[in-house]
Every structure is written in structure tokens, then in C-alpha cells.
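Only this structure's heavy atoms are used, side chains among them; waters, hydrogens and symmetry mates stay out.
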Amino acid sequence: MRKPKFKQVMRSINHYIVFFLLVAFVVTCCMMLFVTTLANTMGLVFNKDNIAAAAKLTFGNVILITALFGSIDHYRRKTMVERPVKQILEAADKIMQGDFSVRIEKVADFAGETGFNEIIKAINAMTAELQGTETLRTDFIANVSHELKTPLAVMGNYATMLQQPGITDEERREYAKSISESARRLAQLITNILKLNKLENQQIFPQNEEFDLGELLCACLLQFEDAWEEKELDIETDIEDDVRIRSDAELLSLVWNNLISNAVKFTPRGGTVGVRLKTEGDQVVVSVSDTGCGIKPEVGQHIFEKFYQGDTSHATQGNGLGLALVKRVVDIFSGEIGVQSVYGKGSTFTVKFRRG
């Protein structure tokens, strides 16, 4: 503790000396100019005693003025420089230790000086963003852990049951099918996590090329032909001809595949799935509708969030990442996505974006 105090004392002495020399120079120059002008104007002659007395008085004034200015400067530095610097350093140290709840209070402005407040504002904004990112990361890890454990537990349980003696061929096929479905769900989860991570970290860049959007929609729809035929769904299409756009077909396929997959997945047997495409000026509008279970209003506010599944009864059919991927891709193309839904009657997802 002695060294910092000694340094502070030496720093104060140095500041005082600097002020003393500055004030002494300014006061001496002013006094010499004043005395010279007075003597020339009034014809006065100063003797040695007069000059000595004036010098002593001037020296005393210099000491007092220096002390006053030094005190004012010390208070100013303490309040306007050292205190905010100390607060910023303490906050930076806490941030380095992983505490993102740190917030720095603004300092009082001095003569309109707001430089430190601008720095403090930036640091507070940074910590708020880091805190939000940390919360998302924690939630993401928790959700991933939960989503991974479920299929792994199912696979482990059925694998154990397969090892039991005396099971029938039908039971063996049923257990193997359950293991296969859990493995497929696990692979899909990992694939979606990797895709979402690349999209959010901007590691996937759109490769724009011109293509027919209607043909792409039809190709994506036909991928689910077996699924809709199995459920005896009616497929309604209203696709405008020759809608050519310049974009990334692979990324857009991710959007259409997810929306159509959800429509087929959540529509009951004998229901209807619709896919429509039209142009509005320089925009294209694609809508995917279904006559499924619909979405509750309170659920609709969160469906594009990662791992959010409003209907837990359908949790085994998805992992809550599909619509998050859709939203991220639509954002990359500066598009818009919205949903209109009536609970118990169905939903319509609408995507809008520019053609070029």
C-alpha cells in the first residue's frame, strides 16, 4: 500500500510544480508589463526596496494562486477522470471474469464534456448484448442436451429389449423401427443444429442464380408425396407460371421443405395442404396452408424461436429448429414471414421477398 501512496504524493508534487512554474511565468510577465507601463506613463522610478517588496508580494500571490488552481485541477481529475476510469477498469475486469450483468453509472458532465459517458454507454450496451447472448447460449445448451437425451434414451431402452430372449419377430421389428426412428430424429437434430449455427455465424453465403421458383416449389412438394398419400391428403396448388427469380435455390429449398413438411405432418388424415405462388409488383409471395391443428395466439408469438414447441403432444415429430431455420434464411434474403392461424382449423404461412 505504501508504493501507490508514494506515487500519488509524487504525482501531486509534480502537478503542483507544473502549475507553480506556469502561474509564476504568467504572473511575472503580467507584473513586469504592468510596472513598465506604469513607470513609463507616470515617470516613476522604482528603487531596490520597492522591487524587493513587490517581488515578495508577487511570489506569495503565485503560491496562493498555484495552490488554488492545483486544488481545482486535483478535484477535477479526481471527479472527471480518475473516478470514471476506475469504474470502467473495474467493470472491464468483471466482464473478463464472465459477469455480464455489470452496468456503469454515468458520470457528471463538466463543461459539456461527455467523452466518458459515451464510452460508458457503449460498454453498457455491449454487456447487455453479451448478457443476452450468454442467456441464449445457456438455454441453447440446455435445450440441446434435453433433445439429445430423449432419442438416445429411446434407442437405449429398445436396444436393451432387443437383447431379451424369447421376443417375437413382430416385437423385434417394432423395436428396431423405434430405434431407427430415434436415430433419424437424432441425425435430423444434429443436421439442423449445424445448419442453424452456420447461418447465424454467416458461414453460409447465398449463391445467387436465376431459376423458376414455381418449379422449385413443385419439386419440394413432390418430395413429400409418399407422406401425403399415406395420410390421404388433398393437395391444392395455385402456382403462377414463369416466376423467375435470382436467388439461392438451395437455401430457399430449406424454407419450402420445412413449411411443407410441417403442413403434411400436422394435418390429420383426409385434410388439405395448399401451396400457392403469386407476384405482387417486384415481390413474390409464397403461402403454405393446412387444415391441421392450428396454433394458439400465445404460441404464435414464439414459433420462430429455437427449440420452441407449442404443442408438446407433437414433440416427437420435431425438434423445434425447423421454423428457426426458416426465419433465419428469410432474414438473409431480407424477406418477411408471417403466420395466420385459427386454433383447431389450420394455419397459413406466408413468405414475401424481392425477386432480384
Reported CG-to-CH2 distance for the pair Leu251 and Trp256, which is rounded to 0.5 angstrom: 11.5 Å

Salt bridge (charged side-chain N to carboxylate O under 4.0 Å, His left out) partners of Asp242, counting only residues at least two apart: none

Worked verdict on Asn117 versus Ile120 for side chain to side chain contact (heavy atoms under 4.5 Å, CB included): CA-CA 5 Å; Asn117 282 334; Ile120 289 171; 4.2 Å; yes

Closest non-hydrogen atom pair between Ser289 and Ala263, with its separation: O-CB, 4.2 Å

Pairwise side-chain contact, Leu233 with Thr272, heavy-atom cut-off 4.5 Å (strictly under): no

Selection residues 87-98 - residue pairs positive for salt bridge (charged side-chain N to carboxylate O under 4.0 Å, His left out), sequence neighbours left out: none

Residues forming a side chain to side chain contact (heavy atoms under 4.5 Å, CB included) with Lys278, sequence neighbours excluded: Glu240, Glu280, Val285

Side-chain donor-acceptor pairs under 3.5 Å in residues 214-232, sequence neighbours left out?
from, atom 1, to, atom 2, distance (Å)
Lys231, NZ, Val264, O, 2.8
Lys231, NZ, Lys265, O, 3.1
Lys231, NZ, Thr267, O, 2.5

Spacing of CG belonging to Asp282 relative to CZ belonging to Arg354, to within rounding of 0.5 Å: 4.5 Å

Tyr175: ring pair (Phe, Tyr, Trp, His ring centres under 6.0 Å) partners, not counting sequence neighbours: Tyr158

Heavy-atom check, side chain of Asn257 versus side chain of Ser261, under 4.5 Å: no

Donor-acceptor under 3.5 Å (Thr291 side chain, Gly271 main chain): no

From Ile260 atom CD1 to Phe349 atom CZ, the distance as rounded to the nearest 0.5 Å: 12.5 Å

Side-chain donor or acceptor of Ser182 paired with backbone N/O of Val154 under 3.5 Å: no

4.5 Å side-chain heavy-atom contact, Lys352 and Val286: no

With Glu236 via salt bridge (charged side-chain N to carboxylate O under 4.0 Å, His left out) - residues at least two apart: Arg276

Residue pair Ala128 / Arg103: nearest heavy atoms and the distance that separates them: CA-NH2, 3.4 Å

Test salt bridge (charged side-chain N to carboxylate O under 4.0 Å, His left out) applied to Glu210 - qualifying residues, sequence neighbours left out: Arg244

Pairs meeting criterion salt bridge (charged side-chain N to carboxylate O under 4.0 Å, His left out) with involvement of residues 152-180, two or more places apart: Asp169-Arg172

Asn262 side, atom CG; Leu323 side, atom CG - distance, nearest 0.5 Å: 5.0 Å

Determine all donor-acceptor pairs shorter than 3.5 Å in which one atom belongs to a side chain in residues 330-341; sequence neighbours excluded.
from, atom 1, to, atom 2, distance (Å)
Asp331, OD1, Lys327, NZ, 3.0
Asp331, OD2, Lys327, NZ, 3.0
Ser341, OG, Ile295, N, 2.7
Ser341, OG, Gly346, O, 3.1
Ser341, OG, Ser347, OG, 2.8

side-chain hydrogen bond (donor to acceptor under 3.5 Å, both in side chains) partners of Asp99, counting only residues at least two apart: Ser101

Test log, rule side chain to side chain contact (heavy atoms under 4.5 Å, CB included), inputs Leu252 and Ile245: CA-CA 11 Å; Leu252 286 180; Ile245 65 172; 3.8 Å; yes

Nearest-0.5 Å distance, NZ of residue Lys121 to CG of residue Asn124: 10.5 Å

Salt bridge (charged side-chain N to carboxylate O under 4.0 Å, His left out) involving Glu105 - partner list, sequence neighbours excluded: none

Criterion side chain to side chain contact (heavy atoms under 4.5 Å, CB included) on Leu254 and Val326, from CA distance to verdict: CA-CA 7 Å; Leu254 187 64; Val326 168; over 6 Å; no

Contact summary for Met126 and Ile95, nearest pair of heavy atoms: CE-CD1, 3.9 Å

Transitive ILVMFWY side-chain link Phe100 to Met96, under 4.5 Å: no

Where Ile179 and Ala159 come nearest, the two heavy atoms and their spacing: CD1-N, 3.7 Å

Asn157: partners by side-chain hydrogen bond (donor to acceptor under 3.5 Å, both in side chains), with sequence neighbours left out: none

Full working for side chain to side chain contact (heavy atoms under 4.5 Å, CB included) between Leu277 and Leu213: CA-CA 9 Å; Leu277 165 64; Leu213 181 57; 3.7 Å; yes

